[in-house]
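Structure first, then comments.
Naming: A, B, ... by sequence-line order, numbering from 1 per chain.
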Number of protein chains: 2
Amino acid sequence: MERIERIAQLYPVLMRVMGRIRSTVHDGMDLSYNQYKMLLTIYDKGNCPLNVLAGELNIAMSSASEMVDRLVNLSLVYRAVDDANRRRVVIHTTAAGEELIREIRRGIVSNYGILLGRLPDEDQERLVNALETITEILDKL
Amino acid sequence: MERIERIAQLYPVLMRVMGRIRSTVHDGMDLSYNQYKMLLTIYDKGNCPLNVLAGELNIAMSSASEMVDRLVNLSLVYRAVDDANRRRVVIHTTAAGEELIREIRRGIVSNYGILLGRLPDEDQERLVNALETITEILDKL
DNA sequence: CGGCAATAGTTAGGTTGCCTAAATATTAGA
DNA sequence: TCTAATATTTAGGCAACCTAACTATTGCCG
């Protein structure tokens, strides 16, 4: 049980540190992190209906719809009724949306570069390995 | 740059997986995660003024005040003017607040136990090490 | 000493992100 | 055919943030 307690102790500390870094890295971007995630999911899933998006992001469909509203208002995305099944609304990224994805992605990678550049090479390597390990293990749960 | 891109790719995936697990583990507790964090901070910092809490949690003082309001409404915490400096409001945990902290902590550790119990011993060990590594490295940033 | 700047909090007003429940539209199936 | 299931939107509500404006107290400089 010793080990479980250690994990229970480390976990929130790490969540907080990671959250702080994520917001540093995302700072100055033209879209909130959640909106970026949504935009990216729409792009990655290739113009998919709302229920798929909601499932993918693990939020209620009404929340997904709301978020799409905001992206539509920003002209990054548009709705289109699926003719094959007129109940379905398929969300498409606009050219501006795709351009913004590329821009933000560049910005994020660049910010990671600046931030992580402060670490010695060896730490960077250890970091990659540890991130991979945790992702692999937690994915089993 | 290869490595930076790998990190930029892994990072959000891990954030998501970790967030999902955190909410699983916290599920059913009588306080939201943020309120629990606030309550715990008040307790750990030993009855401290609002500005310290806001700094510790990295939120605006008005947000901290709001959150304290909610905890006061739940009778987990109370405000008291500091006589040494009457501008300051010191937040104290009530007996009920401290009892709730213990209860939630037990619940969380128990949930981690149930969840992580599904992992082979070796993975648990690797997980602890990886969590420690990441925390240590990211703390340098 | 007197008054102004700094410090500490609260209040007001706004946004995002999330939820449930109710309303609407479309389709599938018994 | 008409009811049940599916897909979405709308309405209403809450938590957690923020900035700006306001109040109260204190410290300090001239």
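- Within the 3.5 Å criterion, the main-chain N or O of A/Lys37 finds a donor-acceptor partner in the side chain of A/Thr41.
- Going from atom CG of A/Leu71 over to atom C1' of D/dT9 covers 16 Å, rounded to whole Å.
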Readout for nucleotides 14-22 of chain C: B = base within 4.0 Å of protein heavy atom, S = sugar-phosphate only, - = neither; 5' to 3' it is --SBBBB--
Polar atom pairs (N or O), protein with nucleotides 22-25 of chain D, under 3.5 Å:
from: D/dT25; atom 1: O2; to: B/Arg87; atom 2: NH1; distance (Å): 3.4

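- Per the geometry, CD1 belonging to A/Ile91 stands 12 Å off C1' belonging to D/dT9, to the nearest Å.
- Of the residues in residues 39-53 of chain B, none has a non-hydrogen atom less than 4.0 angstrom from any atom of DNA chain D.
- Using a cutoff of 4.0 Å between basic side-chain nitrogens and carboxylate oxygens, B/Arg106 and B/Glu103 are not scored as salt-bridged.
- In summary, of the residues considered (B/Leu10, B/Thr133, B/Leu138), a side-chain contact (heavy atoms from CB on, under 4.5 Å) with A/Leu127 occurs for B/Leu138 alone.
- Computed from coordinates, the B/Asp69 CG to C/dG9 P distance equals 13 Å when rounded to whole Å.
- Side-chain contact between B/Ile59 and B/Leu53 is absent, with no heavy-atom pair separated by less than 4.5 Å.
- Every residue was checked against the salt bridge (Lys or Arg N to Asp or Glu O under 4.0 Å) condition with B/Asp27, not counting sequence neighbours, and none meets it.
- In terms of the side-chain contact (heavy atoms from CB on, under 4.5 Å) criterion, residue partners of B/Glu66 (sequence neighbours excluded) are, by chain and number, B/Arg70.
- Checked against side-chain contact (heavy atoms from CB on, under 4.5 Å), B/Asn111 has the following partners two or more places apart in sequence or in another chain: B/Val25, B/Met29, B/Ile114.
- Formation of a donor-acceptor pair under 3.5 Å by the A/Gln124 side chain with backbone atoms of A/Leu119 is found in this model.
- Using bins of under 30°, 30° to 60° and over 60° for the plane-to-plane angle, the ring pair A/Tyr112/B/Tyr11 lands in the tilted bin.
- The aromatic rings of B/Tyr36 and B/His26 sit tilted relative to each other, their planes meeting at an angle between 30° and 60°.
- In this structure, CG of B/Asp82 is placed 17 Å from P of C/dT7, rounded to the nearest angstrom.
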